[in-house]
Novice: 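Attaching a single structure in structure tokens format; questions to follow.
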Amino acid sequence: IITDGVINDFDASVASIVDGSEKPMSIIIVGVGNADFSMMERLDADVNPLVSNGKKQKRDIVQFLPYNQVAHKGPAALAKETLAEVPEQVSSFMRLWNIAPLPPPAVNYSALPSYATVSPQAQQSQAPVYSPPPMTF
């Protein structure tokens, strides 16, 4: 969501976020301009969880970022800060519903191409590390 900071129905927004906190979703809000973003900060709920009709949000699903505070750092920093909370939001959803990750797939190291090298550590972790053949011109 890209916003100038104006929320026409704060209570309805809070209710939607509280309801959404049980679902596999994340909400990313980017504030543009020089407006007062205090309402967006409240929706972010990093300090105080949101409550609607006596129901407390189950997990944090909102990331708010004021564009003007990070735009000067460049596109990579903007992307990093915008997406910073998403991994934990995914993990918190999985924990909320007791969903365990699947085990890693078995790797048949003998089937790797002859030019691929696999470190002993990678063999132990079941995560192959490929080294492509040298490029010749």
Side-chain angles (χ1 to χ4, degrees):
I1 300 171
I2 299 175
T3 181
D4 61 2
V6 176
I7 299 178
N8 293 322
D9 194 341
F10 185 77
D11 292 337
S13 297
V14 168
S16 294
I17 291 170
V18 169
D19 288 341
S21 70
E22 296 180 354
K23 296 174 175 56
M25 65 181 291
S26 294
I27 301 170
I28 298 172
I29 304 171
V30 178
V32 295
N34 296 316
D36 175 11
F37 293 116
S38 59
M39 300 303 274
M40 296 299 130
E41 296 286 354
R42 287 181 56 196
L43 291 178
D44 194 352
D46 283 339
V47 178
N48 297 313
L50 298 173
V51 177
S52 177
N53 297 319
K55 181 180 175 184
K56 182 177 164 183
Q57 75 182 98
K58 302 282 186 184
R59 60 190 188 87
D60 178 18
I61 64 168
V62 177
Q63 166 70 341
F64 170 70
L65 181 71
Y67 178 79
N68 288 345
Q69 290 182 9
V70 294
H72 65 280
K73 296 179 184 178
L78 178 63
K80 179 181 177 184
E81 292 192 36
T82 301
L83 300 173
E85 293 183 12
V86 173
E88 175 52 32
Q89 291 171 355
V90 171
S91 296
S92 67
F93 174 79
M94 303 297 271
R95 285 190 304 271
L96 177 67
W97 295 103
N98 295 317
I99 301 171
L102 296 174
V107 177
N108 180 356
Y109 291 101
S110 63
L112 293 175
S114 60
Y115 59 79
T117 58
V118 181
S119 70
Q121 297 86 0
Q123 287 183 14
Q124 291 172 356
S125 70
Q126 297 293 313
V129 178
Y130 297 100
S131 296
M135 299 201 51
T136 57
F137 297 95

Novice: Side-chain heavy atoms under 4.5 angstrom apart, residues restricted to Ile, Leu, Val, Met, Phe, Trp, Tyr: same cluster for Val90 and Ile28?
Specialist: yes
Novice: Heavy atoms only: give me the nearest Gly20-Ile61 pair and the separation to one decimal.
Specialist: C-CD1, 3.7 Å
Novice: Determine, using the 4.5 Å side-chain heavy-atom cutoff (strictly less than), whether Leu43 and Val30 are members of one ILVMFWY cluster.
Specialist: no
Novice: Start with the C-alpha gap between Leu65 and Leu78, add the side-chain angles, then the distance that decides, and say whether side chain to side chain contact (heavy atoms under 4.5 Å, CB included) holds.
Specialist: CA-CA 9 Å; Leu65 181 71; Leu78 178 63; 3.7 Å; yes
Novice: Nearest 0.5 Å, please: how far is CD1 in Ile99 from CZ in Arg95?
Specialist: 12.0 Å
Novice: Taking all non-hydrogen atoms of both residues, which atom of Val47 and which atom of Pro49 are closest, and how far apart?
Specialist: O-CD, 3.9 Å
Novice: Taking atom CG as the centre, does Asp4 end up with more than 12 heavy-atom neighbours from other residues, nucleotides or ligands that are less than 6.0 angstrom away?
Specialist: yes
Novice: Are the side chains of Asp44 and Asp60 in contact, using a 4.5 Å heavy-atom criterion?
Specialist: yes
Novice: Is it true that Phe37 and Tyr67 fall in one hydrophobic cluster, defined by side-chain heavy atoms closer than 4.5 Å?
Specialist: no
Novice: Is there a continuous path of hydrophobic side-chain contacts, each under 4.5 Å between heavy atoms, that joins Ile1 to Leu83?
Specialist: no
Novice: Within a 6.0 Å radius of atom NZ on Lys80, are there more than 12 heavy atoms belonging to other residues, nucleotides or ligands?
Specialist: no
Novice: Is the CZ atom of Arg59 crowded by more than 12 outside heavy atoms at less than 6.0 Å?
Specialist: yes
Novice: Given side chain to side chain contact (heavy atoms under 4.5 Å, CB included), test Phe93 with Lys58 step by step and report yes or no.
Specialist: CA-CA 9 Å; Phe93 174 79; Lys58 302 282 186 184; over 6 Å; no
Novice: Do other residues, nucleotides or ligands put more than 12 heavy atoms under 6.0 Å from Ile2 CD1?
Specialist: no
Novice: Considering non-hydrogen atoms only, spot the tightest contact between Leu50 and Ala45 and give its length.
Specialist: CG-CB, 3.8 Å
Novice: Should we count CG of Asn53 as having more than 12 external heavy atoms under 6.0 Å?
Specialist: no
Novice: Can you tell if the side chain of Ile29 reaches within under 4.5 Å of the side chain of Val62, non-hydrogen atoms only?
Specialist: yes
Novice: Let me know which of Gln63, Glu88, Gln89 forms a side chain to side chain contact (heavy atoms under 4.5 Å, CB included) with Ser26.
Specialist: Gln89
Novice: So do the side chains of Asn48 and Arg42 get within less than 4.5 Å of each other, counting heavy atoms only?
Specialist: no
Novice: Could you go step by step and tell me if Gln69 and Glu81 meet the side chain to side chain contact (heavy atoms under 4.5 Å, CB included) rule?
Specialist: CA-CA 10 Å; Gln69 290 182 9; Glu81 292 192 36; over 6 Å; no
Novice: Shared ILVMFWY cluster between Phe10 and Ile17, side chains joined below 4.5 angstrom?
Specialist: yes
Novice: Passes side chain to side chain contact (heavy atoms under 4.5 Å, CB included), Ile7 versus Met40? Steps please.
Specialist: CA-CA 8 Å; Ile7 299 178; Met40 296 299 130; 3.1 Å; yes
Novice: Report yes if some heavy atom in the side chain of Val51 is under 4.5 Å from a heavy atom in the side chain of Val18; otherwise report no.
Specialist: no
